[in-house]
Number of protein chains: 2
Amino acid sequence: MSTDAIRRIRRFNRAVTAEVGALDTSFLGRGRPLGAARVLNAIGHGRGEVGSLRDYLGLDSGLMSRLLRSLEEEGLIVTLPHPDDARRRVAALTEAGRQEFAAYEALSNDRAAELLARFPKGDDLLRAMDLVATALGRERIAIEESDPRSEQALHCLTAYYAELGRRLATGFDVSLSRDPEAADMMRPRGTFLIARSDGLPIGCVGLKGKGGETAEIKRLWVCPSARGLGLARRLMEAAEAAARDLGIAILRLDSNSALTEALQLYRRTGWVEIDRFNDDPYPDHFFEKRL
Amino acid sequence: MSTDAIRRIRRFNRAVTAEVGALDTSFLGRGRPLGAARVLNAIGHGRGEVGSLRDYLGLDSGLMSRLLRSLEEEGLIVTLPHPDDARRRVAALTEAGRQEFAAYEALSNDRAAELLARFPKGDDLLRAMDLVATALGRERIAIEESDPRSEQALHCLTAYYAELGRRLATGFDVSLSRDPEAADMMRPRGTFLIARSDGLPIGCVGLKGKGGETAEIKRLWVCPSARGLGLARRLMEAAEAAARDLGIAILRLDSNSALTEALQLYRRTGWVEIDRFNDDPYPDHFFEKRL
DNA sequence: ACATATACCTGACTTAAGTCAGATATTTTA
DNA sequence: TAAAATATCTGACTTAAGTCAGGTATATGT
């Protein structure tokens with residue numbers, strides 16, 4: 001029972017170790033020890049400060065320093081004192097460093113493409129990988145404000161509309177619903193929050209304000225591979241915090257009885273059901289929460 | 001599109017590297033370098049021959065030899081010449097070695113249990129992990145003969161019956177079907193094959209003979225996480241090979257129109273539809289293949 | 001029976017990785 | 001402004017890992 005689960009997890013670990021090891025290997029093969037390659041790649045991925053590099057890679061400060069020196073001698077990076085605190089130092093790629101980093105990226109992409117090409121059922125595999133990656137990286141899910149017209153926001157909204165279309169008995173047509181103006185979901189009137197796991201957008205929520213003390217929660221969505229991790233609740237909490245920050249006292253939202261998990265969440269987190277407050281054709285449940 | 005897939009695979013790799021690294025760490029912490037610990041564990045998992053250890057762990061022969069010596073000096077293993085070829089050597093755990101191996105196993109199990117405990121949606125996660133592990137370990141799927149009454153065989157059969165119950169419009173009750181006698185699915189009359197990925201049973205097929213030149217294929221099943229990898233075809237090929245080996249000339253099988261993938265497989269691999277040859281209530285399609 | 005191949009071992013080496021005790025420069029605190 | 005704290009660096013180490021050229025014992029082919 002539970003030993004079966006443990007066996008399955010260990011099997012997963014074994015299966016994945018071989019693949020991951022191979023990906024690690026792609027960091028070799030450019031004539032540079034693994035440690036130096038990892039530092040170069042971390043810098044390429046935007047981690048400039050030496051302290052943050054040390055934390056991320058889990059290296060001793062002496063070792064870190066030496067690795068930076070060796071990359072500097074190769075002409076791949078330069079280090080400068082931090083503008084706010086001259087004790088700290090910040091590393092940045094030189095032009096040669098950018099090229100070398102791009103070469104590593106290309107290697108990693110090739111390895112990933114190769115792996116994908118080996119599998120006939122690529123879609124199922126990718127979905128399963130997303131689920132595992134999101135679950136394992138749960139502590140690292142970040143919720144941040146974003147422009148509701150950004151690419152990632154549109155990705156979320158498209159998925160949200162598609163899901164409504166599947167789940168509502170009537171289907172869903174955005175043009176019939178009240179599509180909020182982008183400006184109403186941006187500061188200072190409102191905001192739009194995206195949850196990302198390792199950069200991949202996996203959930204969103206909009207706060208649509210009109211400048212008054214009342215605002216609406218819109219577009220709460222969590223991608224299927226991230227459900228069951230309490231993310232919807234975290235998104236709602238973040239939206240409420242943003243609303244307080246914007247001086248909003250009363251929040252409202254509308255929903256549909258087909259969205260059972262959402263209704264359950266609202267009822268459990270202090271929302272009270274109120275009368276219909278708009279003539280949108282899709283919602284049949286209306287809620288309010290005083291902050 | 002495809003770059004999205006690559007991004008997702010790389011994200012999976014990043015997420016998993018951290019976990020796998022932590023599991024690796026559990027191999028430290030018993031006062032022994034990683035290399036020696038890995039050798040000890042490989043021996044504990046039944047890999048006794050020095051050559052096979054070397055292949056499995058990818059180590060140089062000199063290094064391998066030294067690691068074996070260090071384990072020997074610790075009193076954890078003994079090495080003996082191979083009975084068939086005195087140039088080769090075989091390593092085996094001593095009593096102390098068995099205890100030390102058990103301690104490593106306990107550590108690994110604890111790590112896995114810990115990981116599992118961290119996740120509310122354990123079941124979905126496990127299913128996704130199974131799928132990923134099976135896909136990644138596809139080359140390592142082994143098909144072997146087994147007693148049809150073994151624990152792993154029962155695991156497969158139970159899952160098979162459950163799936164029939166779900167998929168047949170009428171449901172499925174084993175007791176109404178012709179449950180084959182175990183002896184008919186064992187040599188010399190027939191056989192029972194189990195497909196395992198890294199030890200986990202993921203598919204099966206039975207060959208039920210009566211001692212004559214005709215036999216029946218029964219109980220073809222592939223677990224959901226392993227579908228789409230061509231495993232059913234491999235199982236059927238293995239069953240046919242076993243049938244030839246047993247001197248069987250004519251194979252038959254029955255199936256149900258709800259099992260569309262199976263019917264498709266039979267039609268594509270040289271089976272021809274024939275008249276009903278039994279009075280089992282569930283099947284509505286009957287096939288034959290001459291070897 | 002001999003040469004050749006195979007399987008493993010030993011010794012001498014290189015390299016990467018990691019540790020630790022100061023040294024240096026800068027910032028913060030009293 | 002002096003003392004303490006912080007961030008990084010340098011030099012001197014240790015250990016693990018890996019490589020390579022022989023060496024020994026056993027097996028195989030002619």
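Sequence lines set the chain letters: A, B, ... in the order given, protein chains first and strands last, and positions in each chain run from 1.
At a threshold of 4.0 angstrom between heavy atoms, the contacts of A:R54 are confined to the sugar-phosphate backbone, with no base atom among them.
In this structure, the NE2 atom of A:H82 is 9 Å from the P atom of D:dT8, given to the nearest Å. Rounded to whole angstrom, the span from the CZ atom of B:R89 across to the P atom of C:dC9 amounts to 6 Å. If you take CD of B:E49 and C1' of C:dC9, they are 17 Å apart, rounded to a whole angstrom.
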Annotated protein contacts, base or backbone, on nucleotides 10-18 of chain C with a non-hydrogen cut-off under 4.0 Å, one of B, S, - each: BBB---SSB
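With sequence neighbours left out, the side chain to side chain contact (heavy atoms under 4.5 Å, CB included) criterion links A:E73 to no other residue. Scanning for salt bridge (charged side-chain N to carboxylate O under 4.0 Å, His left out) contacts around B:R8 gives A:D130, B:D4, with sequence neighbours left out. Partners of A:R233 by salt bridge (charged side-chain N to carboxylate O under 4.0 Å, His left out), not counting sequence neighbours: none found. In this structure, the salt bridge (charged side-chain N to carboxylate O under 4.0 Å, His left out) partners of B:R14, at least two apart in sequence or on a different chain, are A:D198. Residues that satisfy the side chain to side chain contact (heavy atoms under 4.5 Å, CB included) test with A:A238, not counting sequence neighbours, are A:I143, A:L193. Legend: residues meeting side-chain hydrogen bond (donor to acceptor under 3.5 Å, both in side chains) with B:N109, ordered by chain and number and at least two apart, are A:R10. Residues meeting the side chain to side chain contact (heavy atoms under 4.5 Å, CB included) test with A:A128, sequence neighbours left out: B:A128, B:L131, B:V132. Not counting sequence neighbours, the partners of A:R98 by the side chain to side chain contact (heavy atoms under 4.5 Å, CB included) test are A:L93, A:E95. Every residue was checked against the salt bridge (charged side-chain N to carboxylate O under 4.0 Å, His left out) condition with A:R66, not counting sequence neighbours, and none meets it.
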Do any N or O atoms of the protein come closer than 3.5 Å to N or O atoms of nucleotides 23-30 of chain C, and which pairs are they?
{"residue": "C:dT27", "atom": "OP1", "partner": "A:A86", "partner atom": "N", "Å": "3.1"}

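Listed for the B:S197 side chain is no donor-acceptor partner under 3.5 Å among the backbone atoms of B:L200.
Across the helix from C:dA1-D:dT30 to C:dA30-D:dT1, the helix axis at one end is tilted relative to the axis at the other end by 20° (nearest 10 degrees, each axis from five pairs).
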